[in-house]
Amino acid sequence: MNDSSAKLLENISNVQFIFTFTECIASMIANSFIIFVYFSSKTLKSSLSNTLCASLASVDFCTSFVFMSLTVFNYYEFTPPPGIFTTLFCRFLYSTFLFWASVGSSWYHIIAITFDRYVAVTYPIYYKKFSTSLVIKVTFILCSHVLGVITTWHNILIAENQNDECVLVSINWPRYLTLYLLFSHSVFLAFVTSVIGTLYSKIVYRVLSNNKNDKVTKSQQRATTICIILVAEFLVCSYPNGIYILFVYTELLYGIGFGWTLDAVAYVISLQLILASSLINPIIYMTFNTTFQTASANIFRNAKIIN
């Protein structure tokens with residue numbers, strides 16, 4: 001590699017670092033604001049939909065924070081203290097396990113939000129008790145986090161501590177493990193697509209129904225519209241990475257790939273889309289949720305009165 005090529009790669013690396021760092025910071029600020037307003041408003045806390053959206057905001061915050069940490073550590077070639085700290089760093093952070101666990105949790109939050117809208121539109125009378133139950137809220141959130149960890153547990157195996165250095169070992173996985181991951185990931189994508197597609201087709205039909213007995217209140221229509229936009233944006237930003245991972249497992253199994261350069265470009269683009277989703281989610285929530293807008297306006301109004 002000549003000096004001009006090395007300089008070009010260095011400039012690209014610097015630009016990518018600045019862009020990613022800025023994107024993560026903006027996402028963390030936006031999601032922090034969502035969480036702050038949620039805990040400051042009794043109205044928001046009483047709603048299951050808003051609770052799930054606030055929980056998704058906390059997951060998006062973690063996703064951005066972990067990825068920003070990875071970016072900074074890699075850019076400055078951070079070396080953790082030797083011993084157990086290096087092992088923990090390799091297994092949980094360098095292996096990207098924490099990042100993918102957050103992303104996995106986001107997927108299950110989207111499923112929970114979809115199910116919440118389905119119950120709200122299809123069983124409006126039952127939903128009043130369903131949406132205010134603390135047990136239901138805690139169960140949905142805990143299940144989303146736990147399933148996110150279970151779905152991405154294998155990432156802990158990607159890197160390990162060898163002589164106080166983090167080494168990637170995923171290419172040495174047994175064939176049966178790679179085959180299992182390819183199968184489970186394919187089933188996961190098919191499951192998410194079928195569940196969200198089926199539920200939202202029924203939701204849209206119910207909302208657009210002309211039957212007087214099937215009429216949905218305007219507030220529920222508005223909340224459903226917000227969730228449809230949120231879910232659609234999430235799927236558009238997250239599905240490319242899901243498809244990319246399928247190609248990665250296929251390449252590990254059968255040696256069918258598109259070359260290092262194309263793989264690297266696809267990987268970077270899919271990651272940037274995930275980060276973009278973490279930033280766009282709170283923007284959608286703040287833009288279309290009138291209840292949130294009212295709650296945030298009250299906070300600023302009370303702050304002015306105090307000052």
Side-chain angles (χ1 to χ4, degrees), residues 23 26-35 37-38 41 43-44 47-61 63-64 102-122 124 127 131 137 140-141 144 148 189 191-209 214-243 269-270 272-297:
E23 186 178 21
S27 175
M28 290 165 61
I29 292 173
N31 285 293
S32 296
F33 182 67
I34 295 291
I35 297 169
V37 174
Y38 170 79
S41 171
T43 303
L44 292 177
S47 166
L48 177 58
S49 297
N50 289 315
T51 299
L52 291 174
C53 287
S55 181
L56 178 60
S58 68
V59 174
D60 287 338
F61 177 92
T63 301
S64 300
S102 298
V103 173
S105 180
S106 298
W107 280 92
Y108 289 106
H109 270 80
I110 291 298
I111 294 176
I113 290 172
T114 301
F115 184 74
D116 164 72
R117 286 297 87 207
Y118 173 74
V119 176
V121 172
T122 309
Y127 182 72
S131 63
K137 294 177 182 177
F140 271 35
I141 293 173
S144 298
L189 289 178
F191 169 75
V192 171
T193 304
S194 60
V195 168
I196 292 179
T198 301
L199 293 182
Y200 268 114
S201 63
K202 294 183 178 181
I203 291 171
V204 172
Y205 172 79
R206 187 67 180 251
V207 170
L208 298 179
S209 175
D214 290 340
K215 281 293 183 181
V216 181
T217 63
K218 290 185 177 180
S219 62
Q220 291 296 356
Q221 289 182 356
R222 186 169 57 249
T224 302
T225 301
I226 295 171
C227 291
I228 290 176
I229 295 173
L230 189 68
V231 170
E233 171 273 321
F234 179 86
L235 294 179
V236 169
C237 291
S238 299
Y239 249 88
N241 182 263
I243 301 300
I269 292 176
S270 65
Q272 290 299 331
L273 285 173
I274 290 176
L275 292 177
S277 176
S278 298
L279 177 59
I280 296 172
N281 287 343
I283 294 176
I284 292 175
Y285 189 69
M286 288 185 285
T287 303
F288 294 98
N289 192 324
T290 55
T291 306
F292 175 84
Q293 293 171 359
T294 302
S296 57

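These numbers come from a predicted model, not from an experiment.
Taking CZ of F115 as the start and CZ of F140 as the end, the distance is 5.0 Å to the nearest 0.5 Å. Rounded to the nearest 0.5 angstrom, S296 OG and I34 CD1 are separated by 8.5 Å. Put simply, CD1 on I111 and CD1 on I196 are 5.5 Å apart, with the number rounded to the nearest 0.5 Å. A distance of 10.0 Å separates OH of Y285 from CG of L230, quoted to the nearest 0.5 Å.
Contact annotation: the side chain of S32 approaches that of F61 to within less than 4.5 Å [non-hydrogen atoms, C-beta and beyond]. The side-chain heavy atoms of Y127 and L48, taken from C-beta on, include a pair separated by under 4.5 Å. Side-chain contact between C53 and I113 is present, with heavy atoms from C-beta onward closer than 4.5 Å. The shortest distance between side-chain heavy atoms of I229 and F288 falls below 4.5 Å. Between R117 and T114, every side-chain heavy-atom pair lies at or beyond the 4.5 Å cut-off. Contact of the F292 side chain with the S41 side chain is not registered, since no non-hydrogen atoms from C-beta on lie closer than 4.5 Å. Counting heavy atoms from C-beta on, the side chains of N50 and N289 come closer than 4.5 Å.
Judged by distance alone, the side chain of T122 and the main-chain N or O of V119 form no donor-acceptor pair under 3.5 Å.
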Side-chain donor-acceptor pairs of residues 272-280 under 3.5 Å, sequence neighbours excluded:
| from | atom 1 | to | atom 2 | distance (Å) |
| --- | --- | --- | --- | --- |
| Q272 | NE2 | T20 | OG1 | 3.2 |
| S277 | OG | E233 | OE2 | 3.0 |
| S278 | OG | I274 | O | 3.4 |

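Closest non-hydrogen pair, V59 versus S105, comes out as CG2-OG, 3.6 Å. In plain terms, the two heavy atoms of S106 and D60 that are nearest each other are OG-OD1, 3.8 Å.
Between W107 and F234, the ring planes lie perpendicular to each other; the angle is over 60°, past the 30° to 60° tilted range.
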**Request:** Go through the steps to decide whether L56 and I110 satisfy the test side chain to side chain contact (heavy atoms under 4.5 Å, CB included), and finish with yes or no.
**Result:** CA-CA 8 Å; L56 178 60; I110 291 298; 4.2 Å; yes
**Asked** Passes side chain to side chain donor-acceptor pair (under 3.5 Å), N281 versus N31? Steps please.
**Response** CA-CA 8 Å; N281 287 343; N31 285 293; over 6 Å; no
**Message:** With side chain to side chain contact (heavy atoms under 4.5 Å, CB included) as the criterion, how do V37 and F33 come out once you've worked through the C-alpha distance, each side chain's angles and the decisive distance to 0.1 Å?
**Reply:** CA-CA 6 Å; V37 174; F33 182 67; 3.7 Å; yes
**Request:** I would like to know whether Y200 and C227 meet side chain to side chain contact (heavy atoms under 4.5 Å, CB included); could you show each step before the answer?
**Result:** CA-CA 10 Å; Y200 268 114; C227 291; 3.5 Å; yes
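Contacts of T51 classified as side chain to side chain contact (heavy atoms under 4.5 Å, CB included), with partners at least two apart in sequence or in another chain: Y38, K137, I141.
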